[in-house]
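Read through the structure below, which is laid out as structure tokens, and then see the notes.
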Protein chains: 2
Amino acid sequence: MSSSAGTLPSPVLIDADKLTAIVADVFVTLGVAAKDARIVAEDLVLADLEGVGSHGVMLLPMYVERLQKGSVSKGSIGKVVVDQRTTLVIDAHDALGQLTAHQAVDLVTSRAREYGMATVAVRNAFHFGAAGRYARLIAGQGCVGIVMSNTRPLLPAPGGAEAITGNNPIAVAVPSSSAQPVEVDMALSATAMGKIRLAAGAGKSIPADWAMAADGSPTTDPNEAIKGMLAPAAGPKGFGLAFVIDLLCGGLSEGAIGAEVRPLYGDASLPYRCSQMFMAIDVKGFTDPKAFGERVTEQAQRVRNSKRAPGIERVYAPGELSCATREKNAGTVTLSRQVYDSLLATANSAGLRVDALP
Amino acid sequence: MSSSAGTLPSPVLIDADKLTAIVADVFVTLGVAAKDARIVAEDLVLADLEGVGSHGVMLLPMYVERLQKGSVSKGSIGKVVVDQRTTLVIDAHDALGQLTAHQAVDLVTSRAREYGMATVAVRNAFHFGAAGRYARLIAGQGCVGIVMSNTRPLLPAPGGAEAITGNNPIAVAVPSSSAQPVEVDMALSATAMGKIRLAAGAGKSIPADWAMAADGSPTTDPNEAIKGMLAPAAGPKGFGLAFVIDLLCGGLSEGAIGAEVRPLYGDASLPYRCSQMFMAIDVKGFTDPKAFGERVTEQAQRVRNSKRAPGIERVYAPGELSCATREKNAGTVTLSRQVYDSLLATANSAGLRVDALP
């Protein structure tokens, strides 16, 4: 775990259960209830185990700063402010997003099982990690799960030169006959700003369809891109889909749309205020769930059995890679030294007084 | 309207009402009820008026051949085979897709108004033209409209070298405070095969992200692309979304998924058998529809008022361009000479005996 001059610091391997416990301890130290702290910690660590570090424990320092400055509340759950059987609205009152997401998942699946389908829109919400996590939980209850969120504006409209809507993620999970649903989980930008920053750091150019410069023209210079905007995935298609997700999440919840959502990494004393939407469609409302699940599994198998393009070793069905990564990691999280160090500093700033993470 | 050697034949301008009447007459001659014939003709001509000729009257010869060969039925409507309040299945029995789409729209909006939201899945369906048309009709009833269809496999999975799923279109329409909802309507391939054929005809290369050659490798040669596969929009994102649309449309309806859907331009005596899904979410289940509509209109205005990239004259909100095109066309359809000639031949083959379209 030591680094020497001229080499990259080696990554740190940590037992997932121990990491979960320490992340939960940090939240408890800040006044979050133990049960709630555990839920958030588990969801963060799960993202790391699935190879989605951007939605994992690297978020902890930002969450902690916001809890300390009061823009994220210590409250357990949001308040159900609209309840019309299949259509509900939760006001999250800035609770940790994972907590209101679990609340929304429980509510939307119980209503879908009773009425066939249901939607919960959430306003005044905070970051909930990976949307796919919650779509999968809905699928685990025999329902198709669809989960969306808006973010602050990042994408220009086609031909535009200012960010209008976020790269609003959407996840869909479809129950199969195995424990692993078919799952898609995507942000609607062509790429993530993190990848553009990596290219800038490495002095490399970026593909022309990743970003626009500040004047709205395409750029291959990552530094121009950082001052500019992310390109929508597939141009007008990704922009259009992101825009309607913004309208649905923020419009149906009477929450924030577009620029009413604040930057996640902006002033940590101001609430983030994103809006989210959770939908569940009960498979048994249409067909026999067992036969449906078997067809889904067969179709996923068709993908896996695809003829392969030159140089490709394996074709994955949607959602399979994160599952395979989780199994491969077998309960051990790999953190970069940078993330490790920031977690340690955060734990100490929260009052834990630890010399090392376990 | 005449053409001379060395120049392209000039397009033909036709009054939309007269074109609608003659297209309806063709269907009636083939045994379709007058009221139904009118509905299909209007939907086809509307697509032409909105600048989406690929979903317009150019489809008539194929529809007619399928009606003549019996793979499209003369029946008016499909049969509701599952009805559990918010979740319904229609077996279309190969009726003209526009007819079962209108049936599904009426059913799904009435149920959404009663229960808050509803979904109608359709099996054994035929081509319904532009999905956005039906999402908009749902939005016209104060509901968010979501419409999807599958097609025969056209897209490989990431890293794959065989077509697994269609470029399955999805349309979403969100009611605004004006008659024009915010609307997106997209197929999930990077581009349409028609554009690749145009490039091949013109001897031009195509962008590297449009298509794969038959071995799954990217190609800029349109002739290799025609023998190969369409690329998904935004790679894994478009593939994943197309794949779950396939599972939802075909799985929930107990209809065809993937390769169970037949080619639209294949053997015209075999039913097409696509599957579709119509969803309606009643805005008033969540919030005041008037205030919601006003926010949607404001957000569309934000898009229109965007700062513009160099060389851009105007930024359109999603759905605005087709509306503007319809208004500009002011009831006159412009057909290529090729489409005009094929319509005339089709009308005569159906027994209409006309020398010219009006």
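Numbered from 1 within each chain, the chains take letters A, B, ... in sequence-line order. Computed from heavy atoms alone, side chains included, the values below leave out hydrogens, waters and symmetry copies.
Atom NZ of B:Lys284 has more than 12 heavy atoms from other residues, nucleotides or ligands within 6.0 Å.
In this structure, no portion of B:Ala317 lies under 4.5 Å from any heavy atom of chain A. Of the atoms belonging to B:Val303, heavy atoms from both backbone and side chain fall under 4.5 Å from chain A. If you measure heavy-atom distances from A:Tyr115 to chain B, the contacts under 4.5 Å come from both the backbone and the side chain. Contacts between B:Pro153 and chain A at a heavy-atom distance below 4.5 Å involve the side chain alone, from C-beta outward. With a threshold of 4.5 angstrom between heavy atoms, B:Asp185 does not approach chain A through any atom at all. For B:Glu294, no part lies under 4.5 angstrom from a heavy atom of chain A.
With a 4.5 Å cut-off on side-chain heavy atoms, B:Asp209 and A:Asp209 count as touching. Residues A:Asp282 and B:Gln84 are not in side-chain contact: their nearest non-hydrogen atoms beyond the backbone lie 4.5 Å or more apart.
Using a distance-only test at 3.5 Å, with no hydrogens or angles considered, no donor-acceptor pair links the side chain of A:Arg85 to the main chain of B:Gly116. Without hydrogens or angle criteria, A:Lys237 side chain to B:Ala187 main chain gives a donor-acceptor distance under 3.5 Å. Looking only at distances, no side-chain donor or acceptor of A:Thr287 sits under 3.5 Å from a matching main-chain atom of B:Glu254.
With respect to chain A, the highest number of heavy-atom pairs below 4.5 Å among B:Met279, B:Glu298, B:Arg314 belongs to B:Met279. For the set B:Val315, B:Ile164, B:Leu88, the entry with the most heavy-atom pairs within less than 4.5 Å of chain A is B:Ile164. Chain A forms more heavy-atom pairs under 4.5 Å with one residue of B:Thr119, B:Val82, B:Val172 than with any other, namely B:Thr119. Highest contact tally toward chain A, considering only B:Leu252, B:Val184, B:Val144, B:Thr86, is held by B:Leu252 [criterion: heavy-atom pairs under 4.5 Å]. Listed options B:Pro318, B:Gly216, B:Gly159 were ranked by heavy-atom pairs under 4.5 angstrom with chain A; first place goes to B:Gly159. Taking chain B as the reference chain and counting heavy-atom pairs below 4.5 Å, the highest number among A:Glu313, A:Met186, A:Met212, A:Arg295 is found for A:Arg295.
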In a table with atom names and distances, give each donor-acceptor pair under 3.5 Å that connects a side chain of residues 238-251 of chain A to protein atoms at least two apart or in another chain.
{"unit_1": "A:Asp246", "atom_1": "OD1", "unit_2": "A:Asn150", "atom_2": "ND2", "d": "2.9"}
{"unit_1": "A:Asp246", "atom_1": "OD1", "unit_2": "A:Gly258", "atom_2": "N", "d": "3.2"}
{"unit_1": "A:Asp246", "atom_1": "OD2", "unit_2": "A:Thr165", "atom_2": "OG1", "d": "2.7"}
{"unit_1": "A:Asp246", "atom_1": "OD2", "unit_2": "A:Gly258", "atom_2": "N", "d": "3.1"}

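For B:Ser176, the side-chain hydrogen bond (donor to acceptor under 3.5 Å, both in side chains) criterion is met by B:Ser178, not counting sequence neighbours.
Contacts with chain B (heavy atom to heavy atom, under 4.5 Å) involve these residues of residues 227-236 of chain A, listed by number: A:Ala233, A:Ala234. Taking non-hydrogen atoms and a 4.5 Å limit, the residue list of residues 305-312 of chain A in contact with chain B, ordered by number, reads A:Asn305, A:Ser306, A:Lys307, A:Arg308, A:Ala309, A:Pro310, A:Ile312.
The shortest heavy-atom contact between A:Gln299 and B:Ile257 is CD-CG2, 3.5 Å.
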